[in-house]
Protein chains: 2
Amino acid sequence: MATIRDVAQLSGVSVSTVSRVLNKSGYVNQETEHKVNLAIQTLQYEPSAVARGLASKRSRTIALILSNMMNPFFPELARAVEEVARTFGYTVFFGSSDDQADKEQAYIEIFRQRYVDGIIFSSHTLGMEEALRLNSSHIPYIVLDRAPSDEVCSVVRSNNRAGARLAVQHLLDRGCSKIAHIYGPQGIRTAQERLRGYEDIVKHLPWYSPSLLIPGNFLLDGGITAAEQMMERHPDVDGVFVGNDLMAVGVLKSLLRMGIQVPEQVAICGFDGIQLTEATEPEITTVAQPIYELGALATRLLIQKINGEAVANSLHELDVTLIPRASTRKD
Amino acid sequence: MATIRDVAQLSGVSVSTVSRVLNKSGYVNQETEHKVNLAIQTLQYEPSAVARGLASKRSRTIALILSNMMNPFFPELARAVEEVARTFGYTVFFGSSDDQADKEQAYIEIFRQRYVDGIIFSSHTLGMEEALRLNSSHIPYIVLDRAPSDEVCSVVRSNNRAGARLAVQHLLDRGCSKIAHIYGPQGIRTAQERLRGYEDIVKHLPWYSPSLLIPGNFLLDGGITAAEQMMERHPDVDGVFVGNDLMAVGVLKSLLRMGIQVPEQVAICGFDGIQLTEATEPEITTVAQPIYELGALATRLLIQKINGEAVANSLHELDVTLIPRASTRKD
DNA sequence: CTGAAAGCGCTTACAG
DNA sequence: CTGAAAGCGCTTACAG
């Protein structure tokens, strides 16, 4: 592999000059530039990102730490991060924390050693102390979805509460007269917000009762169990807002097994907008998060921070969209 | 951040010695080692992976280039690669080619500039010339699933043909008496092999006719279309072996919409073993590839190659497993 | 068992 | 507009 020296020699200039044309920094005579570029071509020279990193203290590399690759959000999110990063000349490292604080911490160390310029967290474990430690280490980072606090860092997420209201209102509009809610782990802020959104709408309706709230675990099997519990408690529910899509798929499966017609007897609305909701029969109505946008925005913000452009810590809440499908089509 | 110099100074030894204890290379007196480790502790020293990379020409980094993050295989594959890599002290870069040769080529360049120690391809675009070019550039790599040729590189994949035979035999065992096959794009070797496996079993059966072969695109909507075509051509089929799970889900959806009972009227068996097959009602019987194993093996082989241990180019074909589920339960 | 020195391939002030 | 020099933080022979 050719080095910057070879290029300098072949084009008859100094290494510094080659570096300047490489980085388009400082002044350089057009003719000189031309000669250098010619040499680069003929030598098929490619600068070593590693040497650059060491000399400049910038690796043009960012890391995405996520809770779990199996998370259905991950592919689209990763894609957004990767595409935006590439556009700006960054390459991306991935690490999964499995929602274990020590794994996450280990990855932070690894990435620090690799001089990553910034980190995007889409992990549920980032705690307050870790956030503060990151702050004091001056490595830029963005938190997706869930943050220990909105003040200490920059956060990008969906407007979950408003989305939940959309969902419940939609069920009402479709004629549902008794709507249950299967909620996710209340340790997760997202799940909390969606529960609140549900309550916002139904709290003062005559049929409302707290027993319409069924706990779930945000996983498919949790949806199955919750649906059984729901039908036992309230055989007369005719609509259910499920805290996330994975559980909604479980709910559908469970109801169909019990011989309950969807949407005729019970209408289902999920939340997230993952592809799985289109794979079932009937397809499931859902409130879609702008997953790609979340990832793209987080990446853009991170790069701004890296460039020292960004302002202080900020909260960015993106709007969600209701996607009506067969699971709520009561005609 | 502390550097190796700081550690050397604090422990009263030379930089070389610190380097030796860091790398556990060469001899070093136990007492000295202790002093050094103490200094490392108190300074919270972490060696710079970038400097190490530049000096040693090894970055302890590998790249995974895949066709598309949306591919349902990707999460589990990525997880396997990440976990095994981490075990051996490697960090992993991701890049997606979207099955475009130029994107793939661009990523190869990027990763080369970053001194990655090796590459795993799970992309359909790696051509013969690229493989040869990689060979001559001496960067170790492994190809997953699809390779331009088994001779020029190391390949890890499933035994698709045998798996297809398993699937078809299972349908026969469950009492199917006329089995169609929805196949994938014949440009993809995987699809070819599965078609062959189907033919191996049914070719000489009395009811077999080439019109039982229906083309598909390996995507969900392709399954929907293919199922319609299948029922039109052969209203009396009672079993179908679908070339991959994504299409199988589409087939199920399509049949249910037509009011056809699954498995009573038509039994369905897919291929791949993705989670989606468990989300439907009924759940879909499938031939599962050992996805995690494929990724783990590829990573282990790659690291062997990096360490110069590995032998010549080799083909590794892993066994698949039939997972019987409700979609073929004709009781 | 340990240290001094060169070098990995760049970037970055500093002069000119 | 250009070049010489120092330095980024390590590793790697080479002596001893």
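None of these values were measured; they are calculated from a predicted model. Chain letters run A, B, ... following the sequence lines, proteins first, then strands; residues in each count from 1.
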> Under 4.0 Å between any heavy atoms, over every strand shown, what does B:R20 touch: base, sugar-phosphate, or nothing? Just pick one.
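The answer is base, as B:R20 lies within the cut-off (heavy atoms under 4.0 Å) of a base atom.
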> Below 4.0 angstrom, N of the basic side chain to O of the carboxylate: do A:R86 and A:E82 qualify?
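Here A:R86 pairs with A:E82 in a salt bridge, since their nearest N and O are under 4.0 Å apart.
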> Could B:E109 and B:R112 be called an ion pair, given the rule that one side-chain N must be under 4.0 Å from one carboxylate O?
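A salt bridge links B:E109 with B:R112.
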> Using a 4.0 Å heavy-atom cut-off across all strands, classify A:T32 as base, sugar-phosphate, or nothing.
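Result for A:T32 = sugar-phosphate.
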> Sort out the partner of C:dA4 for me: Watson-Crick or G-U wobble, both distances under 3.5 Å, none otherwise.
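Because no pair has both required distances under 3.5 Å, C:dA4 counts as unpaired.
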> Would you mind checking if A:K57 and A:D117 are paired as a salt bridge, meaning a charged N to carboxylate O distance below 4.0 Å?
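No, A:D117 and A:K57 are not salt-bridged.
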> Does A:S48 or B:Q30 map to a spot on DNA chain C nearer the 5' end, using the closest nucleotide for each?
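Result: B:Q30.
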> By nearest nucleotide on DNA chain C, pick out whichever of B:A55 and B:Y27 is the more 5' one.
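It is B:Y27 whose nearest nucleotide is closer to the 5' end.
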> Name the nucleic acid region contacted by B:T3, choosing base, sugar-phosphate or nothing; use a 4.0 angstrom heavy-atom cut-off, strictly under.
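Sugar-phosphate: the residue B:T3, judged by heavy atoms under 4.0 Å, touches backbone atoms but no base.
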> NA contact type, A:S56, heavy-atom cut-off 4.0 Å: base, sugar-phosphate, or nothing?
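The residue A:S56 makes sugar-phosphate contact but no base contact.
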> For B:V18 and A:E33, take the nucleotide of DNA chain D holding the closest heavy atom to each; which residue's nucleotide lies nearer the 5' end?
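Comparing both residues, the 5'-ward one is A:E33.
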> First contact, last contact: which nucleotides of DNA chain D are these for chain A, 5' to 3', heavy-atom distance under 4.0 Å?
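Contacts span D:dC1 to D:dG9, reading 5' to 3'.
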> Under 3.5 Å for both donor-acceptor distances, Watson-Crick or wobble: does C:dA13 have a partner, and if so which one?
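Checking every strand shown, C:dA13 finds no partner, since no pair has both distances under 3.5 Å.
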> Which pairs of donor and acceptor atoms, one on a side chain in residues 289-299 of chain A, lie under 3.5 Å apart (sequence neighbours left out)?
residue : atom : partner : partner atom : Å
A:Q289  : OE1  : A:S158  : OG           : 2.5
A:Q289  : NE2  : A:D272  : OD1          : 3.0
A:Y292  : OH   : A:E83   : OE1          : 2.4
A:T299  : OG1  : A:G295  : O            : 2.7

> Give one of base, sugar-phosphate or nothing for A:V50, where a contact means two heavy atoms less than 4.0 Å apart.
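If one applies the 4.0 Å heavy-atom cut-off, A:V50 turns out to touch nothing in the nucleic acid.
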> Are A:R157 and A:D145 close enough for a salt bridge, meaning some N to O gap below 4.0 Å?
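No.
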> Got a sec, which residues hit ring-ring contact (aromatic ring centres under 6.0 Å, His included) with B:Y141, two or more places apart in sequence or on another chain?
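In terms of ring-ring contact (aromatic ring centres under 6.0 Å, His included), with neighbours along the sequence ignored, B:Y141 is linked to B:F121.
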